[in-house]
Amino acid sequence: MTSDGPRHVAAIMDGNGRWAQARGKPRLFGHHAGARRVREVVRACPDLGVKYLTIFAFSTENWKRTQSEVAGLMSLFRRYIQREARDLLAEGVRVRFIGDRVKLDDKLTRLMDELELLTSHNDRVHLTVALNYGGRDELGRATKRLAREVAAGRLDPETVDETTLARFLDTCFLPDPDLVIRTSGEARISNFLLWQSAYAEYEFIDTLWPDFTAEVFADILASYQTRDRRFGAVTA
Ligand code: FPP
């Protein structure tokens with residue numbers, strides 16, 4: 001049995017730093033090249049039948065990078081939103097952000113809110129950007145919100161099951177990912193969509209993110225279609 005194309009693809013965009021270093025450039029040069037690939041990959045989605053794309057832009061662990069790299073990435077995110085907003089709107093892309101916004105600066109969170117509102121009527125492609133996101137952090141925040149509902153008497157603990165918890169996750173508006181891609185040769189999940197990827201297929205590829213072209217994306221999706229997804233069941 002072969003699968004249909006994946007409806008929801010999630011990507012761990014790794015290898016920007018190594019890509020830049022291999023060219024004798026600072027790491028931020030690689031992040032800028034990576035941002036251009038994001039644009040290309042989002043644009044490729046409709047033709048490839050991908051309705052939902054979720055990308056890991058900044059993890060809860062990425063704060064441990066040098067102060068100048070963190071500041072450079074935050075400035076890149078602000079500029080990306082400002083520059084791309086008009087095209088994303090025109091191209092039918094609905095943008096949403098997941099992750100904990102509390103640690104992000106006000107200017108960035110304002111731009112994030114505005115972009116979410118601006119694109120809220122779009123439905124051609126759903127782009128979700130994980131920013132200050134960690135799977136365990138998300139589960140911790142979700143559990144806190146759920147516990148508050150129980151404490152307030154609005155939720156009966158006896159009725160809590162996995163669908164209840166899923167409603168409290170940052171991703172409550174998203175279907176689970178069908179395929180998770182990680183670039184740059186690392187075979188780790190790194191705290192990305194831990195709960196949501198329970199039945200996802202994984203593709204670990206050596207390509208560094210700044211070399212992740214629409215063609216590479218299309219090849220991965222073609223190979224996904226030959227996989228047999230059984231979700232734990234036995235098929236004839
Ligand atoms: C991992 O590569 C990449 C990141 C932590 C940042 C990802 C950000 C982008 C691709 C920029 C654009 C994103 C948006 C949403 C505009 P790395 O630095 O860990 O690479 P390395 O493993 O080679 O050091």
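All residue numbers refer to positions in the sequence shown, counting from 1. Whatever order the structure lists ligands and atoms in, that order sets their numbers, starting from 1.
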Indicate yes or no: does [X] engage [Y] in a salt bridge with an N to O separation below 4.0 Å.
X	Y	result
Asp106	Arg110	no
Arg18	Asp14	yes
Glu40	Arg37	yes
Glu61	Arg188	no
Arg145	Asp170	yes

TODO: Specify side chain, backbone, both or neither for Leu131, according to which of its non-hydrogen atoms lie closer than 4.0 Å to ligand 1.
DONE: neither
Is there any N or O on [X] that sits under 3.5 Å from an N or O of ligand 1?
X	answer
Asn62	no
Tyr80	no
Trp209	no
Gly17	yes

TODO: Identify which of Arg78, Arg18, His31, Arg36 has a heavy atom lying nearest to atom 11 (C) of ligand 1.
DONE: His31
Open item on the list: Just to be sure I'm reading this right: ignoring hydrogens, which of Arg27, Glu186, Gln21, Arg65 gets closest to atom 19 (O) of ligand 1? Compare them by their nearest heavy atoms.
Closed with: Arg65
TODO: Kindly assign one of parallel, tilted or perpendicular to the pair Phe56 and Phe192, based on the angle between their ring planes and the thresholds 30° and 60°.
DONE: parallel
Task: Ring geometry between His126 and Tyr52 (parallel below 30°, tilted from 30 to 60°, perpendicular above 60°) - done: tilted
How close does the nearest protein non-hydrogen atom get to [atom], and which residue and atom is it?
atom	value
atom 1 (C) of ligand 1	Met13 O, 3.1 Å
atom 13 (C) of ligand 1	Phe77 CE2, 3.9 Å
atom 7 (C) of ligand 1	Ala57 O, 3.4 Å
atom 10 (C) of ligand 1	Asn16 ND2, 3.3 Å

- [ ] Using a strict cut-off of 4.0 Å, indicate which atoms of ligand 1 neighbour a heavy atom of Leu76.
- [x] 11 (C)
Open item on the list: Which of the numbered atoms in ligand 1 are under 4.0 angstrom from any heavy atom belonging to Ala35?
Closed with: 12 (C)
TODO: Look at ligand 1 and say whether Gly15 reaches it with a heavy atom at a distance under 4.0 Å.
DONE: yes
TODO: May I have all residue pairs that pass salt bridge (Lys or Arg N to Asp or Glu O under 4.0 Å) and include part of residues 153-162, sequence neighbours excluded?
DONE: Glu149-Arg154
Task: Atom pair CG/NZ of Leu174 and Lys51 - distance to nearest 0.5 Å - done: 12.5 Å
